[in-house]
Amino acid sequence: MVYLMDKINGCINASGRMTKLGVSTQSHGVKDAMNYGASNYFLMDDLYKISGETLASLFDAPDAVITSSASAGISLSVAAVLCKDHDAQIQKIHDSSMQDYPHEIVLPKGHNVDFGAPIQTMIETGGGCVIEAGYANKCTQRDVELCINKKTAALMYVKSSHCVQKDMLSLEEMLDIARQFKKPLILDCAAEIDFTSFTKMGIDYVIYSGSKALMGPTSGFVLVQSQDDAINLRKHIYGVGRGMKIGKENIFGLIQAAYEYTTSSQNFEVSYDDLDPFIETLNTINGVYAQKIKDESGRDIYRAKVHFDAQILGISAHEIIHRLEKGTPQIFTRNYDANQGMISFDPRPLQHKNDLDIIIKRIKEVLSDVEVL
Ligand SMILES: *Cc1c(COP(=O)(O)O)cnc(C)c1O
């Protein structure tokens with residue numbers, strides 16, 4: 001008997017890989033691997049090293065470090081670029097004496113986002129000081145170059161739908177500057193689905209979440225360019241990283257999830273094709289216009305984007321969202337464009353094909369409740 005089970009209900013997640021909804025559910029293979037990890041003892045230093053090497057070989061990288069989350073990966077990467085192999089500094093990354101060493105992290109202002117928590121806080125946790133390059137809506141190569149001085153420890157770039165997309169310098173342009181000024185480049189691409197290209201490009205620290213595209217348990221990892229980089233990053237496990245410890249069961253789960261991903265044995269209950277009848281049915285409702293659209297940051301991910309015409313329906317998208325969340329079962333959608341009357345539905349996190357039918361049924365109920373009023 002799962003003791004907590006009766007005390008909280010599960011919900012339908014049509015939103016995406018959202019931390020506030022539990023990010024992802026795990027495959028049987030991943031759960032078996034976690035069970036194996038949870039049932040045995042290991043020399044943890046060996047497990048960190050070997051699991052990192054294993055992950056690196058799955059993604060064709062020189063080495064990798066497993067972390068408790070992508071957020072921890074950001075903090076530890078920053079700590080690693082600040083301290084390098086200076087053990088004395090590792091013990092005092094928040095000491096004021098660290099100001100004498102390079103500690104500034106240059107980040108385009110439009111990338112200084114809140115991904116569910118502020119990226120700036122993660123950088124500061126690792127001892128870094130954020131220097132914003134450019135403006136909220138524009139950042140050029142020149143804007144970044146103007147921020148580089150003798151206090152600069154690294155450049156950072158964020159590849160995410162959370163970021164301002166237009167008028168930002170490209171990742172390639174950022175890498176050119178990093179090479180020219182001989183500074184390491186940290187890339188937060190936590191939710192990306194490409195696990196090989198960025199390291200191949202030569203980016204020094206490439207940070208992923210283990211529970212997003214890979215559908216692993218709560219975890220993260222950093223792909224690095226050398227074993228020394230991995231060693232220097234892992235040193236912080238015994239410093240600031242202690243509060244971000246990942247358990248052995250999650251390490252086993254993450255590696256299994258990465259293996260399933262690279263061997264295409266990941267199993268989605270609901271496919272992008274299943275969106276077609278869903279969209280067709282929604283389009284039969286007067287005032288509802290649905291279409292299948294590709295992810296805004298260019299990833300090969302498709303969602304149903306639905307416009308609810310408040311004039312015709314007598315109810316706003318915000319109110320529809322509110323009622324879906326409060327109903328039974330609770331349904332969570334993707335709401336970034338709710339101000340424009342749009343609600344998006346992400347099929348990837350759905351657990352059953354008939355979740356789409358339940359969503360349609362609930363939408364129809366919400367809309368017909370309005371007519372009664
Ligand atoms: C999700 C996300 C994170 C945080 O990932 P966690 O593994 O939950 O810490 C960081 N950056 C971006 C861009 C994200 O999308």
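Atoms within a ligand are numbered from 1 in the order they appear, just like the ligands themselves.
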Next on the checklist: Looking only at the side chains, is there a donor atom on one of H28 and N267 sitting less than 3.5 Å from an acceptor on the other?
Outcome noted: no

Checklist outcome for this item: For atom 11 (N) of ligand 1, the closest protein heavy atom turns out to be D188 OD2, 2.6 Å

Checklist entry - Among all protein non-hydrogen atoms, which one is nearest to atom 8 (O) of ligand 1, and what is the separation to 0.1 Å? => result T19 OG1, 3.6 Å

Checklist entry - Would R303 and E296 pass as an ion pair if we require N to O under 4.0 Å? => result yes

Next on the checklist: If the threshold is 4.0 Å, N to carboxylate O, is there a salt bridge linking K159 and D188?
Outcome noted: no

Review item, side-chain donor-acceptor pairs of residues 135-147, under 3.5 Å, at least two apart:
residue : atom : partner : partner atom : Å
T140    : OG1  : R142    : N            : 3.4
T140    : OG1  : D143    : N            : 3.1
T140    : OG1  : D143    : OD2          : 3.1
Q141    : NE2  : E173    : O            : 3.4
D143    : OD2  : T140    : N            : 2.9

Item to check | Identity and distance of the protein heavy atom lying nearest atom 2 (C) of ligand 1 | outcome: K212 NZ, 2.3 Å

Checklist outcome for this item: Ranked by distance from atom 5 (O) of ligand 1, the top protein heavy atom is A70 CB, 3.3 Å

Checklist entry - Does any donor atom in the side chain of T199 or Q225 lie under 3.5 Å from an acceptor atom in the other side chain? => result no

Checklist entry - Would you say K159 touches ligand 1, if touching means a heavy atom closer than 4.0 Å? => result no

Checklist entry - Where does S69 meet ligand 1, judged by heavy-atom distances below 4.0 Å: at the side chain, the backbone, both, or neither? => result both

Checklist entry - Considering only protein heavy atoms, which is closest to atom 4 (C) of ligand 1, and at what distance to one decimal place? => result F115 CE1, 3.4 Å

Checklist entry - Does any N/O atom on S209 come nearer than 3.5 Å to any N/O atom on ligand 1? => result yes

Next on the checklist: Quick check: S71 and ligand 1, any N/O pair under 3.5 Å apart?
Outcome noted: yes

Item to check | S160 neighbourhood, listing ligand 1 atoms whose heavy-atom distance to it stays under 4.0 Å | outcome: 13 (C)

Item to check | Distance-only side-chain donor-acceptor flag, N335 / T333, under 3.5 Å | outcome: yes

Next on the checklist: Quick check on the 6.0 Å ring-centre criterion: do Y261 and F195 meet it?
Outcome noted: yes

